Amino acid sequence: MSDKDTQPLTGKDLARKPRGFPDKREGLIHAQAKLVETVTGIYRKWGFEALETGAFEYADALGKFLPDDDRPNAGVFAIQDDDEQWMSLRYDLTAPLARFIAEAGQTVGRPFRRYAAGPVWRNEKPGPGRFREFWQCDADTVGAPGFHADAEMIAMGAEALRAVGMETGEFVIRVNTRRLLNGVLESVGAASADTRLAILRALDKLDRLGASGVADLLGKGRLDDSGDFTKGAGLGDAEVKAVLAFAEAGAKTRAETLANLSKAAGNSEEGKAGLAELEAIAVALEALGAPEGDVVIDPSVVRGLEYYTGPVYEAELLREVTGEDGKTYRIGSIGGGGRYDDLVARFTGETVPATGFSVGISRLASALAIMGETVKLDGPVVVLNLDKDSPAVALEIATMLRRAGLRAEAYMGGSGMKGQMKYADRRGAPAVVMVGSNEIEAGTVTIKDLEMGAMKAKAIQSNEEYREARPGQIEVPRDQMVEAVRRIVEAQG
RNA sequence: GCCGCCUUAGCUCAGUUGGUUAGAGCGCUGGUUUGUGGAACCAGAGGUCCUCCGUUCAAACCGGAGAGGCGGUACCA
């Protein structure tokens, strides 16, 4: 940026990582893979099929904006193709789907029910649980005009979150509709786009700032803890009250909320239509068996994406996230979605009603990681290399184990036995196999069950006794090695 | 983007109101134990004290700028 730090970095300074692009290791990768497998499994069960698109889309296909100066827009990562056209990394999985539908035309039947999982990129400020590269797992129904399709997305989303381990009270899916919001905006006479936007943004913060904070934002403005002043929407007291009454209409049950809303939503056409949408969704949710605790109607839900045209839903993690450092972290939204009836029409002019739900895989995984709920490492069986001058024995043993379908490696490092045991321990190896001169002479191998060894060692008091005991260790003839190792691995599950 | 706080060993942190060779715990490496991780004891190796510029006889410490981190706020298709 400035001209004085143009000196090239050297040495360790070179090894930097851009913020928000996480390095992921064994534990996290497997946790994420498992989440993806579980969630897509639910989507498949509900009758969705796989469809994936590429990482880049033309910038104008992704959104309404056009290239201005150097970059099309902050918020996305964009580069120019060799023909100078702007391409952007996708910021979600929905906009590329709309492009695909427009392009594929009649070659896909309607309704088209698809799921997809993959990384998306947003050029925003990262934080704990907030990344610039992160995974989403989406399901969408294209060509579905009825609100029961939205209800299906919501109920399926709740099922997916339960499948990844969320229990009653640990998450909630809050449902609203844009049309109800439009009705409220109309009823308070919010005409300008700026004012409407300011009101929606204020509403969206109800859960975080509370009624008084939102009231400030709806009115004159709000001074936050850091001393920063946020300009308000400029509504009068009566209007602020009306909007707040609407936003706080949420009640314990969906039926109660709907009853409250019918009073607070005003008489506009949009408001009535919105109420009808939510009523239809509520009926369908009953039929789908979605528990009241999992899915609530909450008129303060807005969601940022501009392409939503009707119902919107947001899945929030309620479970307290406390790290091993004792700090609590606010993870917030772990998924959401909504109806986007006009997204395909941008390309073809043909209105294609569609609705979708997305699970924030990276958020979920980092919430689990912060809580210390990482999956147990399941490393390979490690064959120790005791005679470093002739590693062939270790290679041979490892090959036997692999041919039998077991995950195994011969030690490749340069350390002594103690170091090799430490290595196996750190890798999460279920067992090590040792073949030294004693074993070669006797035609046997020594197998150590590391898990059992650890367990037995707990009962041992003195260091000498520990050295003597060789806990969890057995010696078997070489031709029984594979089965003995297999028993140990399987016993550990 | 704006505001505040922070940056010393691999990690968590001490540190002298500016004064020689910058410390601890954990971890790591080696040994006690030709060949035994998670236990014990002994020893050892790790540092441009975030970077650059300035003040000073002297800067890890003071001043300025920058980078990175954390938190808040804004933005978030």
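Treat the numbers as computed from the prediction; the structure is a model and nothing was measured.
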> Out of rG35(B), rC28(B), rA74(B), which has the shortest distance to the side chain of Ser437(A)?
Replying inline: rG35(B)
>> As a test of your reading of the structure, name each stem of RNA chain B as range with range, where a stem is three or more consecutive Watson-Crick or G-U pairs at under 3.5 Å.
In response: B:1-7 with B:67-73, B:10-13 with B:23-26, B:28-32 with B:40-44, B:50-54 with B:62-66
> Of all the choices, rA74(B), rG37(B), rC76(B), which nucleotide is nearest to the side chain of Lys418(A) once you look at every atom?
Replying inline: rG37(B)
> What pairs with Arg303(A) under salt bridge (charged side-chain N to carboxylate O under 4.0 Å, His left out), at least two apart in sequence or on another chain?
Replying inline: Glu314(A)
>> The criterion is ring-ring contact (aromatic ring centres under 6.0 Å, His included); which residues satisfy it with Phe347(A), sequence neighbours excluded?
In response: none
>> Taking the minimum atom-to-atom distance to the side chain of Ser415(A), which one of rG30(B), rG72(B), rC76(B) wins?
In response: rG30(B)
> Taking only side-chain nitrogens and oxygens of Lys422(A), does any of them come within less than 4.0 Å of OP1 or OP2 of rG27(B)?
Replying inline: no
Side-chain polar contacts of residues 426-441 of chain A - donor-acceptor pairs under 3.5 angstrom, sequence neighbours left out - could you list them?
residue, atom, partner, partner atom, Å
Arg427(A), NH1, Glu409(A), OE1, 3.1
Arg427(A), NH1, Tyr423(A), OH, 2.7
Glu439(A), OE1, Gly436(A), N, 2.9
Glu439(A), OE2, Thr446(A), OG1, 2.5

> What distance, rounded to whole Å, do you find between the two P atoms, one in rA14(B) and one in rG72(B)?
Replying inline: 22 Å
> Quick one: Lys125(A) NZ to rC75(B) P, roughly how many Å, whole number?
Replying inline: 13 Å
> Quick one: ring pair (Phe, Tyr, Trp, His ring centres under 6.0 Å) pairs with a partner in residues 470-493 of chain A, sequence neighbours left out?
Replying inline: none
>> Check this one for me: any side-chain N or O of Arg470(A) less than 4.0 Å away from OP1 or OP2 of rG35(B)?
In response: no
>> According to ring-ring contact (aromatic ring centres under 6.0 Å, His included), who are the partners of Tyr340(A), at least two apart in sequence or on a separate chain?
In response: Tyr307(A)
>> Whether the side chain of Arg486(A) engages the backbone of Met481(A) through a donor-acceptor N/O pair (distance < 3.5 Å, no angle test) should be reported.
In response: no
> Is any side-chain N or O of Arg208(A) closer than 4.0 Å to OP1 or OP2 of rG72(B)?
Replying inline: no
